[in-house]
S.K.: 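Quick one: structure below, then a few questions.
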Amino acid sequence: MSDEDYCTIIDAAKPPKADGPPYAECVLCREPTEYPESYKGITLCPVCEWHESQRTACSG
């Protein structure tokens, strides 16, 4: 088995960046995100995005 079998990177679609306010709220901490308020879906602020990426990272 190769390393890719153990650590698959999922290329999830990210919402488009907003040009300005109003911004969508983070679904975890309710802080403003970088995404437009009109975006339908899960949005995370930069801090929660970083924490989520650390939590789900392959520890190899």
Side-chain angles (χ1 to χ4, degrees):
M1 285 188 145
S2 70
D3 289 339
E4 285 184 29
D5 294 334
Y6 295 105
C7 187
T8 302
I9 298 172
I10 299 172
D11 187 20
K14 294 186 93 170
K17 300 282 185 191
D19 291 332
Y23 298 108
E25 284 186 347
C26 176
V27 296
L28 299 176
C29 69
R30 303 189 64 108
E31 290 293 319
T33 67
E34 299 173 336
Y35 308 113
E37 192 174 57
S38 61
Y39 179 75
K40 304 293 184 218
I42 296 172
T43 54
L44 298 173
C45 70
V47 173
C48 290
E49 279 185 358
W50 184 83
H51 284 292
E52 185 68 12
S53 68
Q54 294 299 307
R55 188 183 71 76
T56 60
C58 179
S59 60

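Positions are given from 1 along the sequence. Owing to the predicted nature of the structure, the values given are computational and were not obtained by experimental measurement.
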S.K.: Do Leu28 and Ile42 sit in the same hydrophobic cluster, where Ile, Leu, Val, Met, Phe, Trp and Tyr count as joined when their side-chain heavy atoms come under 4.5 Å apart?
M.R.: yes
S.K.: Looking only at non-hydrogen atoms, find the nearest pair between Cys26 and Thr33 and report the distance.
M.R.: N-CG2, 3.4 Å
S.K.: To check you understand the geometry: which heavy-atom pair defines the closest contact between Ala24 and Pro36, and what is its length?
M.R.: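 Nearest heavy atoms, Ala24 then Pro36: CB-O, 3.5 Å.
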S.K.: Output the distance between atom OH (Tyr35) and atom SG (Cys45), rounded to the nearest 0.5 Å.
M.R.: 9.5 Å
S.K.: Sequence neighbours excluded, which residues qualify as side-chain hydrogen bond (donor to acceptor under 3.5 Å, both in side chains) partners of Glu34?
M.R.: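 Partners of Glu34 by the side-chain hydrogen bond (donor to acceptor under 3.5 Å, both in side chains) criterion, ordered by chain and then number, come out as Lys17.
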S.K.: Among all residues two or more places apart in sequence or in another chain, which pass the side chain to side chain contact (heavy atoms under 4.5 Å, CB included) test with Glu37?
M.R.: Pro22
S.K.: What pairs with Glu25 under salt bridge (Lys or Arg N to Asp or Glu O under 4.0 Å), at least two apart in sequence or on another chain?
M.R.: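 With sequence neighbours excluded, Glu25 shows a salt bridge (Lys or Arg N to Asp or Glu O under 4.0 Å) to Arg30, given in chain and number order.
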S.K.: Taking the side chain as every heavy atom from C-beta outward, state whether Glu52 and Leu44 have any pair of such atoms under 4.5 Å apart.
M.R.: yes
